[in-house]
Amino acid sequence: MSSLSGALTEVVARVFADLGLDPEFGRVTPSNRPDLGQFQCNGALAAAKAAKQNPRAIAEQVAAKLQALPQFRDISLAGPGFINLSLTDAALSGHANKLASDERLGVPGKEPLVVVLDYGGANIAKAMHVGHLRAAIIGEALRRLFLFVGDDTIGDVHMGDWGLQMGMIISELEIRRPDLPYFKASFEGPYPNASPVTVEELEEIYPTAAAACKADLARMEKARLATAELQQGRPGYRALWQHFFDVSMETMKRDYGALGVHFDLWKGEAHVDPLIGPMVEKLKQMGIAHQDKGAWIIPVAKPDDKAEIPPLILVKSDGAAMYSTTDLATIVDRVQEQNPDEILYVVDQRQHLHFEQVFRAAILAGLNGKAKMEHLGFGTMNGKDGKPFKTREGGVMKLQDLIAMMTNAAMERLNEQGIGTDYDEAERREIARKVGLAALKFADLSNHRIANYVFDLDRFVRFEGKTGPYLLYAAVRIKSILRKAEAQEDRPGSILPPEPGERDLILALGGLPDAVMDAYRERAPNKIADYAYGLAQTFSTYYNQFHILSEPDKALLRSRLALCALTLRALELSLSLLGIEVPERM
RNA sequence: GACCCCGUAGCUCAGCUGGAUAGAGCAGCUGCCUUCUAAGCAGCAGGUCGCGUGUUCGAAUCACGCCGGGGUCGCCA
């Protein structure tokens with residue numbers, strides 16, 4: 001199946017081809033002039049340019065051939081050669097009935113690609129904060145989208161657990177507690193099973209250490225040395241690292257879990273450590289890596305570069321690996337393990353140059369197998385002042401706190417509305433959680449990925465208008481209607497040719513595949529957010545115009561129930577692709 | 001300095017593979033709850049699409065140049 005406009009495109013493209021014109025010009029889209037028609041095709045204008053003919057004449061020929069087809073209620077020409085098309089009500093209901101029996105709601109299937117998505121980036125020893133939010137939310141939405149469209153997806157958290165930050169923490173702990181066995185070179189183990197620090201302590205140690213290193217060169221040197229020694233395999237440091245990893249992993253899983261973000265792989269930078277040595281050796285032998293100022297680098301500049309692209313640093317002059325090294329080795333790992341067709345990096349746009357370097361180096365050395373690599377950057381979350389978001393106290397807001405805040409606001413709303421006073425406490429909490437998360441995710445996903453966006457707490461906590469809760473509300477009202485219908489023994493039936501007020505709803509339902517495929521093609525979840533909002537609005541209009549349950553004509557009632565059920569499925573699918581859960585009632 | 005991203009209504013944002021009269025939400029103003037959840041619906045008002053030049057029958061959309069904001073530019077991630 002396809003969308004309504006997709007089906008029309010096929011028809012009109014064939015007509016263009018019959019006229020000896022490029023079928024590409026037959027593209028049909030929903031009309032931006034609903035007063036003139038439901039759909040439009042502007043291809044006659046472009047075709048005329050290419051064929052050096054009169055656009056109006058081409059449009060007339062196309063229209064004449066379309067007239068012979070039964071599905072059109074109206075075909076008209078306007079302006080220099082716009083073709084306006086409207087379907088008969090029978091064609092609309094026919095499409096709606098096909099949708100109702102199609103599991104994929106009209107979205108076509110495709111040959112699966114193996115796609116690795118990298119959207120984690122949480123760091124060991126660092127509490128997750130709002131800065132991790134976008135990668136998680138956008139990445140999860142893309143993973144679900146790719147999976148639904150038909151690819152084999154692998155989500156990898158790719159946590160930060162191998163770089164200089166580890167050396168900072170280890171050296172800080174060594175300064176504070178030099179007596180620990182991990183620091184005694186002569187210690188022959190075994191090391192204790194329990195971690196010497198809790199995750200809360202780690203979350204304090206890391207920023208303290210980072211600040212100290214920034215302020216003091218000698219202190220930084222200590223951290224660098226510890227990093228290099230860790231990577232070279234010093235047993236005490238490795239044992240310590242394992243403790244950090246284990247205690248951090250717990251909270252990381254808790255936080256991603258609370259967000260409803262799933263990963264198939266919980267690998268980190270450290271995981272590819274064994275691959276680094278052989279990879280570096282190979283790159284040296286290939287002559288791709290060069291020694292420069294004590295470091296090993298890979299020049300990646302090209303003659304036609306607009307800007308000078310600095311070389312990738314493969315091995316630092318102190319012998320340690322850095323994130324460019326682990327990112328390359330991670331590509332090697334992924335090619336070995338999954339042999340992906342695509343690797344998508346959902347990472348802050350500020351790292352764009354880094355990925356350009358990594359991709360170029362990977363391609364130079366042929367490390368990427370058949371994989372196309374793509375950096376899907378996203379903008380920064382800023383405060384109202386246009387600077388990166390800070391709490392009123394000037395700190396970073398922890399993810400946990402943000403989620404709690406959204407949930408509380410939702411609970412308050414529930415209380416205000418006086419709704420759900422008869423629900424048990426557990427259900428109320430569950431509703432508040434879903435509403436809060438929906439608000440958070442929808443606010444993020446309805447923005448275009450690449451743009452920075454303003455994180456305004458006051459606005460976030462409002463649930464009116466173009467928000468996640470609005471969408472849940474629309475879905476929940478439909479569920480309520482269907483439950484009541486079920487209780488009075490009325491069930492969805494065949495969809496009848498629509499009355500004028502029903503046409504818009506079917507047209508909106510028929511557009512879902514376009515939204516999904518556009519979002520897929522452009523890796524842009526906001527297209528789905530937009531679609532879902534538009535559909536919810538169209539349904540709300542419908543809901544206010546027709547009172548469904550009181551319809552005395554049973555066939556009509558069953559038709560309307562079917563439209564409701566179909567709308568609910570379209571809404572739930574769109575929302576699930578965004579990672580948003582719908583409660584039964586709210 | 002070079003390069004990248006952004007600049008659309010008072011505010012927050014869609015729209016950008018060129019197409020007709022540029023859309024939403026919030027804020028403001030008018031109406032609509034004795035029938036399915038008013039977290040809603042109907043309506044009004046609000047715009048030199050940063051500025052300029054160019055390409056085109058046609059530019060918010062493409063190209064070039066400015067202006068403004070953000071970012072990046074070899075051993076942090």
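Only heavy atoms go into these numbers, but all of them, side chains included; no hydrogens, no water, no symmetry mates. The sequence lines fix the lettering, A, B, ..., with proteins before strands; numbering per chain opens at 1. Just so we're clear, the structure is a prediction, and the values are computed from it rather than from any experiment.
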Please give, in whole Å, the distance from [N] [atom2] to [X] [atom1]?
| X | N | atom1 | atom2 | result |
| --- | --- | --- | --- | --- |
| A/His290 | B/rG74 | NE2 | C1' | 14 Å |
| A/Ile450 | B/rC6 | CD1 | P | 7 Å |
| A/Arg27 | B/rG18 | CZ | C1' | 11 Å |

Pairing partner (Watson-Crick or G-U wobble, both distances under 3.5 angstrom) of [N]:
| N | value |
| --- | --- |
| B/rU55 | none |
| B/rC3 | B/rG71 |
| B/rC44 | B/rG28 |

May I ask you to check whether over 12 heavy atoms, not counting those of A/Glu308, lie within 6.0 Å of atom CD? no
What is the glycosidic conformation of B/rC33: syn, defined as within 90° of 0, or anti? syn
Test of ring centre spacing under 6.0 Å for A/Tyr119 and A/Phe378: no
Would A/Phe463 and A/Tyr470 count as a close aromatic pair, with their ring centres under 6.0 Å? no
Winner on side-chain proximity to A/Phe82, out of B/rU37, B/rG19, B/rC75, is B/rG19
Side chain [X] and base [N] donor-acceptor under 3.5 Å:
| X | N | result |
| --- | --- | --- |
| A/Asn42 | B/rG18 | no |
| A/Gln40 | B/rA20 | yes |
| A/Asn544 | B/rA38 | no |

Of A/Met586 and A/Tyr453, the one whose nearest nucleotide on RNA chain B sits closer to the 5' end is A/Tyr453
Toward the 5' end of RNA chain B, by each residue's nearest nucleotide, A/His547 or A/Asp518: A/Asp518
Extract from the structure each pairing of a protein N or O with an N or O of nucleotides 56-67 of chain B at less than 3.5 Å, listing the distance.
residue : atom : partner : partner atom : Å
B/rG58  : O6   : A/Lys49 : NZ           : 2.9

Plane angle bin for A/Tyr453 and A/Phe460 - parallel if under 30°, tilted between 30 and 60°, otherwise perpendicular: parallel
